[in-house]
Amino acid sequence: MNISKSLLAIYFCIISFGINAQRLHTPQEVEQYMKKSTIQYKMDSLSVKLDSVFFPLMEQGNFLEKTEEGIQLQQQEFSLNKKSKRFYKKAKKALVKKKLEKAIKYYTKSIEAQPDQLQLMNELANFYWKNGAMENVVFWTEKVVELNPIDFEAHAQLALAYQSLGKKSAALEHIIAAHLYNRNDPKIIESLRSIFTENGIKYQDYIFQPEYKIENRDSNQISIQANYEPWKSYAACKALWQNEATYRTEMSHLAKTNITSIEQKECLLNALIGYGKMKTGKEQFPIFDVLEKSLKHRMVDDFIFYEIKLRQDPTLIYFLPKEKKERIVRYLKTIRVGKEVTPE
């Protein structure tokens, strides 16, 4: 690539991040800032293996409740009134004795006596699941989702039930919901991959996990440790933001978005430019193809939310406005997928 084309590509890359092209800094500019600093920055090889990063899973039974403090995430307790409990005990006894029709009868009566207790409906749906009655699974699990739209297990079960009934689009809708409401659940991701494939699309299960380390050797010396170009540029940018208070202050004037978002975008930009300059080894970093695709579709904010923020804090999706949730769904369907595959 000649110099003019390279500069044009970098310019397009910057403006695609949704910020004025003159305001985000490239790796070359970051390096120049470091050279002028009173702090000495040194780029080293990463010689130690980084610890595995733990990403949290959501607990089952969450629901949203309006309180004086606003909408909050709560846990539903399994507590039955006397009438519902009486029928529930009969249902359990009928199951032990393998009297299935009686079990269904008493489960239904228990639900009628306490229609707000979702665990009863989930248990009845699970009973039908074990007996292969998928239409009944759908009937009861749809009721659960209607009463509690964020129940990820109900969405996952609905998706699999619809899949077994050959209703691919309904299965796709509910597995996406299940995945977003419990972003890091490996079983849901496996179901997501399967249902995407049946719909002729390939979910790319890539992970954004920067490999670098920043160490303060003393008050005036910073060691930036990384082995590969995308992470070298990313780490250098992070080191600048972490150690240069004046730089943070200078960048804080970028209005309409918070300073953390500016930092993340600038460091992603640096990593992407570094990735673009690689002559070999790009196949090791497929997540940057996803980021590049996000740029072209003006969905960098969605990339940051889904790939970074939601993995770190899976509760964020619960408080996202409807239109932003719809953008994340669109991101999954258009950006996070590869070439079309032939359904099995």
- Per side-chain hydrogen bond (donor to acceptor under 3.5 Å, both in side chains), Y41 is matched among Q221, K35, E31, E244 by E244
- Query: Are any non-hydrogen side-chain atoms of N184 and P56 less than 4.5 angstrom apart?
  - Reply: yes
- Electrostatic pair D301-K309, nearest N-O below 4.0 angstrom: no
- Students should find that the hydrophobic cluster of L57, defined by side-chain heavy atoms under 4.5 Å apart, otherwise consists of none
- Item | Side chains of Q157 and E153, donor plus acceptor under 3.5 Å | no
- Message: With a 4.5 Å cut-off on side-chain heavy atoms, are F303 and V290 touching?
- Response: yes
- Item | Residues K213, E215: salt bridge by 4.0 Å N-O rule | yes
- Message: Checking Y107 against E123: is there a side-chain donor and acceptor pair closer than 3.5 Å?
- Response: yes
- Query: Mind checking what makes side chain to side chain contact (heavy atoms under 4.5 Å, CB included) contact with K83, not counting sequence neighbours?
  - Reply: N81, R86, F87, A113
- Message: Which residue is it: D185, L332, V329? I am looking for the one with a side chain to side chain contact (heavy atoms under 4.5 Å, CB included) to H179.
- Response: L332
- Query: How far apart are the C-alpha atoms of R327 and E323, what are their side-chain angles, what is the distance that settles it, and do they pass the salt bridge (Lys or Arg N to Asp or Glu O under 4.0 Å) test?
  - Reply: CA-CA 6 Å; R327 279 191 63 90; E323 63 274 12; over 6 Å; no
- Identify the residue among Y212, F288, Y275 that makes a ring-ring contact (aromatic ring centres under 6.0 Å, His included) with W231. F288
- N270 side chain to A236 backbone, donor-acceptor under 3.5 Å: no
- Query: Counting only heavy atoms not in E283, do more than 12 sit closer than 6.0 Å to its CD atom?
  - Reply: yes
- Distance only, no hydrogens: is a donor on one side chain within 3.5 Å (strictly under) of an acceptor on the other, for D151 and Q60? yes
- Do H297 and I335 pass the side-chain contact (heavy atoms from CB on, under 4.5 Å) test, and can you show the C-alpha distance, the side-chain angles, and the key distance before you say yes or no? CA-CA 8 Å; H297 289 79; I335 306 299; 3.7 Å; yes
- Message: With a 4.5 Å cut-off on side-chain heavy atoms, are W129 and M134 touching?
- Response: yes
- Query: Would you say K325 has more than 12 foreign heavy atoms packed within less than 6.0 Å of its NZ?
  - Reply: yes
- Query: Y306 ring centre to R183 NZ or CZ under 6.0 Å, with the angle to the axis within 45°?
  - Reply: yes
- Donor-acceptor pair between Y331 and E307 side chains, under 3.5 angstrom: yes
- Task: Applying side-chain hydrogen bond (donor to acceptor under 3.5 Å, both in side chains), run through T246 and E250 and close with a yes or a no.
- Result: CA-CA 6 Å; T246 303; E250 288 175 1; over 6 Å; no
- Message: Tell me whether E266 contacts the main-chain N or O of H25 through its side chain, where contact means a donor paired with an acceptor under 3.5 Å.
- Response: yes
- Task: Go through the steps to decide whether K324 and E326 satisfy the test salt bridge (Lys or Arg N to Asp or Glu O under 4.0 Å), and finish with yes or no.
- Result: CA-CA 5 Å; K324 290 192 176 181; E326 290 172 352; over 6 Å; no
- Ion pair check, E190 and R193, cut-off under 4.0 Å: yes
- Query: Does one side chain, of E77 or S79, offer a donor that lies under 3.5 Å from an acceptor on the other?
  - Reply: no
- Kindly indicate, with the supporting measurements, whether the criterion side-chain contact (heavy atoms from CB on, under 4.5 Å) is fulfilled by F319 and L73. CA-CA 9 Å; F319 306 101; L73 205 58; 4.3 Å; yes
- Message: Tell me if the NZ atom of K42 is crowded by more than 12 foreign heavy atoms within 6.0 Å.
- Response: no
- Query: Is the side chain of D218 donor-acceptor paired with the backbone N or O of N220 at a distance under 3.5 Å, no angle test?
  - Reply: yes
- Task: Can you establish whether the number of heavy atoms outside Q75 located under 6.0 Å from its atom CD is more than 12?
- Result: yes
- Output, in order, the C-alpha distance, side-chain angles, deciding distance and verdict of side-chain contact (heavy atoms from CB on, under 4.5 Å) for D116 and L147. CA-CA 8 Å; D116 63 340; L147 292 169; over 6 Å; no
- Query: Does a donor on one side chain and an acceptor on the other come within less than 3.5 Å for S194 and Q163?
  - Reply: yes
